[in-house]
Peer 1: 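I'd like to ask you about the structure that follows.
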Amino acid sequence: VLINFSMALAEMERQQLDAPSASMLLVNLFQLLYVLDGLWNEEAILTTMDLMHDGFGFMLAFGDLVWVPFTYSLQAFYLVDHPSPLSPAAISAIVALKAVGFYIFRKSNSEKNAFRRNPADPRLAHLKSIPTATGKSLLVSGWWGVVRHPNYLGDLLMALAWSLPCGFQHLLPWYYMIYFLILLVHRDSRDMSECRRKYGRAWEEYCRTVRFRLVPHLY
Ligand SMILES: NC(=O)C1=CN([C@@H]2O[C@H](COP(=O)(O)OP(=O)(O)OC[C@H]3O[C@@H](n4cnc5c(N)ncnc54)[C@H](OP(=O)(O)O)[C@@H]3O)[C@@H](O)[C@H]2O)C=CC1
Ligand SMILES: CC(C)=CCC[C@@H](C)[C@H]1CC=C2C3=C(CC[C@@]21C)[C@@]1(C)CC[C@H](O)C(C)(C)[C@@H]1CC3
């Protein structure tokens with residue numbers, strides 16, 4: 001957030017602007033929302049793969065201290081010297097994309113987190129689940145009945161909204177979208193293997209019921 005904010009100030013100085021450009025504002029506000037949401041819903045981090053399977057090690061230490069701050073701010077860095085004017089229609093479309101992505105991301109992550117914390121929660125009574133031999137159940141309706149990783153789908157739509165304000169003149173601001181797609185497809189495969197190992201036949205049944213991984217009817 002601080003790096004992004006300083007990029008907005010640098011853009012004003014370099015481009016001699018009285019205020020940051022619309023594209024810089026969108027990138028800053030979108031990423032600020034992501035960070036604030038992560039803090040607000042901090043307890044939901046407890047049911048993510050990093051804590052459930054991976055544990056704390058080099059990836060999270062290096063990832064959080066170096067990778068995230070210095071590569072996730074590349075869109076703002078790009079905009080400092082490469083103005084990308086946006087029409088009101090383009091701004092509205094990008095904001096709408098971000099809103100849809102955020103809605104899917106937040107709702108699906110919170111649904112799974114609430115279910116893992118208390119499967120008997122009366123607010124989740126309408127959801128179907130299948131039991132596994134471990135005593136835990138798997139959701140097969142609601143967001144987790146649409147695709148196997150609805151939270152990744154929402155996150156990818158948001159990633160698209162973070163790169164679009166920078167236009168299509170250069171590959172650099174698209175770095176995040178490309179890297180994130182590879183990261184999430186790889187993470188999805190890792191999670192599939194881990195869940196198959198943990199839940200065996202119940203996982204196979206889940207995969208037969210929910211056929212698509214990230215995008216309904218596509219992948
Ligand atoms: N911006 C970034 O750089 C990154 C963001 N993220 C985001 O973080 C969020 C969390 O992602 P991540 O930790 O990878 O994975 P998930 O939050 O999807 O966690 C996967 C775990 O959820 C449980 N699960 C899977 N399917 C079901 C089901 N049907 N019913 C109930 N539980 C189920 C399993 O664990 P168990 O059964 O043991 O509870 C599984 O191992 C995502 O939104 C992702 O996009 C992730 C990586 C990087
Ligand atoms: C190649 C390399 C070194 C990759 C590092 C991956 C890490 C940067 C990511 C692994 C899982 C992450 C999550 C978030 C940030 C990036 C890392 C650490 C996250 C904290 C971002 C904010 C979200 O709201 C989240 C809490 C869902 C998310 C959890 C996973």
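We use all heavy atoms of the structure for the numbers below, so side chains are in, but hydrogens, waters and symmetry mates are not. Start at 1 and go down the list; that is how both ligands and their atoms are numbered.
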Peer 1: What do you reckon, does Trp143 put a non-hydrogen atom under 4.0 Å from ligand 1?
Peer 2: no
Peer 1: With a 4.0 Å cut-off on heavy atoms, is Lys198 in contact with ligand 1?
Peer 2: yes
Peer 1: In terms of atom number and element, which parts of ligand 2 are under 4.0 angstrom from non-hydrogen atoms of Leu60?
Peer 2: 18 (C)
Peer 1: Can you tell me if Leu183 has a non-hydrogen atom under 4.0 Å from ligand 1?
Peer 2: yes
Peer 1: Got a protein heavy atom sitting under 4.0 Å from atom 15 (C) of ligand 2?
Peer 2: no
Peer 1: May I ask which of Leu184, Asp64, Asp54 has a heavy atom nearer to atom 18 (C) of ligand 2 than the others do?
Peer 2: Asp64
Peer 1: For residues 127-142, which residue pairs pass the side-chain hydrogen bond (donor to acceptor under 3.5 Å, both in side chains) check, not counting sequence neighbours?
Peer 2: Thr132-Thr134
Peer 1: Give me the residue, atom name and distance of the protein heavy atom closest to atom 7 (C) of ligand 2.
Peer 2: Gly63 CA, 4.5 Å
Peer 1: Considering non-hydrogen atoms of the protein only, which is the closest contact for atom 33 (C) of ligand 1, and what is the distance?
Peer 2: Lys112 CD, 3.9 Å
Peer 1: Given Asp155 and Tyr34, is the side-chain hydrogen bond (donor to acceptor under 3.5 Å, both in side chains) satisfied, shown in steps?
Peer 2: CA-CA 10 Å; Asp155 226 337; Tyr34 195 66; 3.0 Å; yes
Peer 1: Checking side-chain polar atoms at under 3.5 Å, does Asn113 have a donor or acceptor matched by the opposite partner on Asn109?
Peer 2: no
Peer 1: Is Lys136 near ligand 1, meaning one of its heavy atoms is under 4.0 Å from it?
Peer 2: yes
Peer 1: Any idea which part of Asn109 is under 4.0 Å from ligand 1, heavy-atom wise: side chain, backbone, both or neither?
Peer 2: side chain
